[in-house]
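Please read the structure below before turning to the comments.
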2 protein chains.
Amino acid sequence: MLTEERHQLIRDQLAADGKVLAGELASRFGVSEDTVRRDLRELAKAGQLRRVYGGAVASAPFAAATLSQRSGHAVEEKTRLAKAAVGLLVARQSLFIDGGTTNEAIARAIPRDMELTIATNSLGVASALVDRPLVELIVLGGRYVPDLGTCVGADTLAAVAQLGADLFFLGSCGLHATRGVTAFDSAEAEVKRAMAKNSAGIVIAVTNDKLATAAPYRVAGADAIRHLVVGKTAPAATLADFQSQGAQIHFA
Amino acid sequence: MLTEERHQLIRDQLAADGKVLAGELASRFGVSEDTVRRDLRELAKAGQLRRVYGGAVASAPFAAATLSQRSGHAVEEKTRLAKAAVGLLVARQSLFIDGGTTNEAIARAIPRDMELTIATNSLGVASALVDRPLVELIVLGGRYVPDLGTCVGADTLAAVAQLGADLFFLGSCGLHATRGVTAFDSAEAEVKRAMAKNSAGIVIAVTNDKLATAAPYRVAGADAIRHLVVGKTAPAATLADFQSQGAQIHFA
DNA sequence: GCATGTTTTGCCTGTTCATGCAAGAAACAG
DNA sequence: CTGTTTCTTGCATGAACAGGCAAAACATGC
């Protein structure tokens, strides 16, 4: 029994049952529980499952996304970034906001007394805005992708094409001075490109760990960024690269 | 039984019923009440529920987001209706679900292991479905109307026109044997009409207080109703009127 | 063929985690 | 106020865990 074979069987069972038990796998594969634990550790490291005491469960990227409070990853930093990003807003502006936990934090941070028109393809952002009476909310529908928490596809693109915005809050997966803005998903990148095209300015708020990283799909060049909101500990050299390409830097 | 499994089951029951009892969970899971209490404490700490004496209830933020708890009116009756309505579903069907608290209850009651394609213009329904991995969710975008909790307008109509469904769960504002199905808002009625047109069958679940009432905007005739889900105390005479026009009556 | 390095695996060791039990505190009901 | 139920806290126990180690299997280079 090859290691890779076991990994595939584990993935299969996770897809079918949503969970696996270490002991049960060990007896099924005819190996020690230690070996199974090692397998699970590796798969968890690769993000293909979530390790729990006694076994593993299917990874729930979205659960972490919507319940961003629980997942707790950099929650405080995102809240700080959100407050700074909201400072860029002017009343009566129109905005595009796409997905991502940072953008959800921004949506929550928008003051209740500010009149805005906001179009979003993120259910998390939309939910955060439903009880803002002064926000005209436009939901950009389409095929919902659980992993992203957003709607994508032809319908979404068509809806974006009919709108224009002063600012686009771009939830960035990767940000690199030369590779520009990048996303993990092709359909997601398409929507971001459409929003960027129909916006007067792009705002990106990123946590430090995303600075100077790149994902597969290119969304826009670094020179398209109007405002860049970062934490105070962001590396100055990287920021200078973006600044030289026209981005205003804002510290949170 | 993994700890995580119990947590998920607790979340599920909370989403469906709005409450859980410590003792009942303990016997269902086959663990001590102490363990259940620990589970509840952890979930409460993560903000996923609100702890109360004897068990737990759905947390306030979530309830507010879906606006179901807020309108706390007839919650139990709606939960009962929802469970009965879900009984009409067959795996792999495609559904339209529009807005309303009863429809949100139905969305929450959909079993996690059922494969469905669901198109909705209600943010509450969409939110309730985001963590159902087997549900292909299509969000019908458009102008969001806070009072309705749904998207309406030309964009919504265009999106509906491109789709078809086996069943349409119509959130009814008024239901009358001769006036048919009616709504309070003109734009809302338009969307409902479009969904009705593109569906093979219409399902309406109503609380007793809406039976035999009418709102200004007509959506469809009573003869368009395929399934009518009502409480056991619904007046037989009214039901007979609907039944004679082709509706199957289901008691919750 | 032989020596060397790598990978995989099982076992051992100390540590962490989940659970049930017991005792006292708090909340509830009458 | 009193008794009962539910809750928290501390503790003991066994299961699950990570890391280190060594043997076996495998690959690599001479």
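Lettering of chains follows the sequences in order, A, B, ..., and the numbering in each one begins at 1.
Nucleic acid contact class of B:Val36 (heavy atoms, under 4.0 Å, all strands): none.
Taking a 6.0 Å sphere around CZ of A:Arg28, one finds it holds more than 12 heavy atoms contributed by other residues, nucleotides or ligands.
The phosphate of D:dA18 (OP1 or OP2) has a side-chain N or O of A:Arg41 nearer than 4.0 angstrom. Of the side-chain N and O atoms in B:Arg37, none sit less than 4.0 angstrom from OP1 or OP2 of C:dG20. The phosphate of C:dT19 (OP1 or OP2) has a side-chain N or O of B:Thr3 nearer than 4.0 angstrom. Of the side-chain N and O atoms in B:Arg38, none sit less than 4.0 angstrom from OP1 or OP2 of D:dT9. Residue B:Arg51 places at least one side-chain N or O closer than 4.0 Å to OP1 or OP2 of D:dC7.
Nearest to the side-chain atoms of A:Ala22 among the listed nucleotides C:dT9, D:dT8, D:dC17 stands D:dC17.
In this structure, a donor-acceptor pair under 3.5 Å is present between the side chains of B:Thr101 and B:Lys78. Using a 3.5 Å distance cut-off with no hydrogens or angles, the side chains of B:Gln8 and B:Asp12 do pair a donor with an acceptor. Side-chain atoms of B:Thr150 and B:Asp98 form no donor-acceptor pair, as typed in the model, at a separation below 3.5 Å.
In this structure, A:Leu21 places its CG atom 15 Å from P of C:dA18, rounding to the nearest Å. Between A:Asp39 atom CG and D:dA16 atom C1' the separation is 16 Å, expressed in whole Å. Between A:Lys45 atom NZ and D:dG19 atom P there is a gap of 10 Å when expressed in whole angstrom units. In this structure, the CG atom of B:Leu43 is 13 Å from the P atom of C:dA18, given to the nearest Å. Put simply, CZ on A:Arg6 is 8 Å from C1' on C:dT8, counting in whole angstrom units. A straight line from CD of B:Glu42 to P of C:dA18 spans 7 Å, rounded to a whole angstrom. One interatomic measurement links the two molecules: CZ of B:Arg50 to P of D:dC7, which rounds to 14 Å at whole-angstrom precision. Taking atom CZ on A:Phe29 and atom P on C:dT9, their separation rounds to 11 Å, with Å as the unit.
Using a distance-only test at 3.5 Å, with no hydrogens or angles considered, a donor-acceptor pair links the side chain of A:Glu5 to the main chain of A:Leu2. A donor-acceptor pair under 3.5 Å is absent between the side-chain atoms of A:Thr35 and the main chain of A:Val31, judged by distance alone.
A salt bridge between B:Glu4 and A:Lys19 is absent, with no side-chain N of the basic residue lying under 4.0 Å from a carboxylate O of the acidic one.
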Where protein sits on nucleotides 23-30 of chain C, one letter per nucleotide: B base, S sugar-phosphate only, - none, heavy atoms under 4.0 Å: ---BBS--
